[in-house]
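See below for the structure under consideration.
If you're wondering where the values come from, they're calculated on a predicted model, not measured in any experiment. Each ligand, and each atom within it, is numbered from 1 in the order the structure gives.
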Amino acid sequence: MADPLEFAEDLASRTGALIAEARAGQALDLSYKDGNELLTSADLQADELIRGEIEKTFPAHNILSEESSPDLSDPQALNGPLWIVDPIDGTVNFSHGMPFWCCSIAVREKGGTVAGAVYGPDVNELYTATADRKSTCNGEPIFVSEVPTLDKAMIMTGVDQFVDPSLPPFAIFKSFASNAQKVRVMGSAALDICRVANGAADGYFEAGIYLWDVAAAQLIVEQAGGKAEILYDMPPPYRICFAASNGLIHSELTSLVDISSLQEWKG
Ligand code: LIP
């Protein structure tokens, strides 16, 4: 049986290279899912590569990806080993030629993430971790920061362009902006959380992110000494309210998140 981390690391690297070549070599076909969620031809090419390699190497495993999720009416769909994939996290950045995008691949067994890889070709950073090995970036060990309080912390977040500014996610954003040293919106949740893992940032929060955006990076930040958690499962399936940090600022960070307001907000 192939080693899951080596497989995930190799596949994330190959997929990232394929996507970068696709953008360099041809005009991207752009379309919009659900009316506003950008989808490029490279997303679909990458999803096809990843699914094909997983089905060939691990035929009994299931796959959850941003571009093709399992049939939840099948009670077996989420049983057994599950690969959780975002072929391109930061699609809008990618389509504009901004460097902050990545391929994210995680694998879960018995409900626990056993391996994760996040590869950002344009920033030349490959993050990996397993449940029993510490996190690395390009093979070097990484660790969360030692910033002790929120007022000295850089917080990464994201806000959907279609959310009414009067609604809870923006209220939470304003709380962070008022209490943290700085707030940054860089457009890729997986790379944001990996920046917490390598100490360049100190916390991440987003309401309305998806499981495939964060599955690999959650293991990477935890195995770098940080803390990460789903604060609330939002509709539709796989949409979550998620926080990650260096651990030291975690309670300050999550205390600014009014879950009850998010529970009333259907997004
Ligand atoms: C993106 C996330 C980002 C979020 C964007 C988008 P995608 O994922 O990584 O944090 O703010 O709205 O969801 O769609 O580029 O894979």
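Between Tyr210 and Asp86, the side chains place no donor N or O within less than 3.5 Å of an acceptor N or O (distance only, hydrogens not considered). Using a 3.5 Å distance cut-off with no hydrogens or angles, the side chains of Asp122 and Trp101 do pair a donor with an acceptor. Side chains of Asp202 and Ser145: a donor-acceptor N/O pair is present below 3.5 angstrom, by distance only.
Only side-chain heavy atoms of Asp86 come within less than 4.0 Å of ligand 1; its backbone N, CA, C and O stay farther off.
Between Ala190 and ligand 1, a contact under 3.5 Å exists for no N or O pair. For the pair Val92 and ligand 1, the shortest N or O to N or O distance does not fall below 3.5 Å.
Ligand-side atoms of ligand 1 in range of Ile88: 16 (O), range being under 4.0 angstrom from any heavy atom. The contact set between ligand 1 and Ile209, taken as ligand atoms under 4.0 Å from a residue heavy atom, comprises 2 (C), 3 (C), 4 (C), 10 (O). Near Asp213, with a cut-off below 4.0 Å to any heavy atom, the atoms of ligand 1 are 8 (O), 16 (O). Residue-ligand proximity, Gly158 to ligand 1, at heavy-atom distances under 4.0 Å covers atoms 11 (O). In summary, the atoms of ligand 1 found under 4.0 Å from a heavy atom of Asp89, numbered by their order in the structure, are 1 (C), 2 (C), 7 (P), 8 (O), 9 (O), 15 (O), 16 (O). Which parts of ligand 1 touch Ser188 is read off a 4.0 Å heavy-atom cut-off, strictly below it: atoms 9 (O). Distances below 4.0 Å separate heavy atoms of Ala189 from the following atoms of ligand 1: 2 (C), 3 (C), 9 (O), 10 (O).
In this structure, the side chain of Gln223 engages the main chain of Thr130 through a donor-acceptor pair within 3.5 Å. With hydrogens and angles ignored, the 3.5 Å screen pairs a side-chain donor or acceptor of Glu252 with a backbone N or O of Leu150.
The aromatic rings of Phe58 and Phe7 stand perpendicular to each other, their planes meeting at an angle above 60°, with 30° marking the opposite boundary. Between Phe205 and Phe176, the ring-plane angle classifies as perpendicular under the 30° and 60° cut-offs. The aromatic rings of Phe170 and Phe173 sit tilted, their planes meeting at an angle between 30° and 60°.
For CD of Glu146, the number of neighbouring non-hydrogen atoms (other residues, nucleotides, ligands) closer than 6.0 Å is 12 at most.
Counting only heavy atoms of the protein, atom 6 (C) of ligand 1 lies nearest to Glu37 OE2, 4.6 Å. Of all protein heavy atoms, the one lying nearest to atom 10 (O) of ligand 1 is Glu206 OE1, 2.9 Å.
Contact annotation: Asp192 has no heavy atom less than 4.0 Å from any atom of ligand 1.
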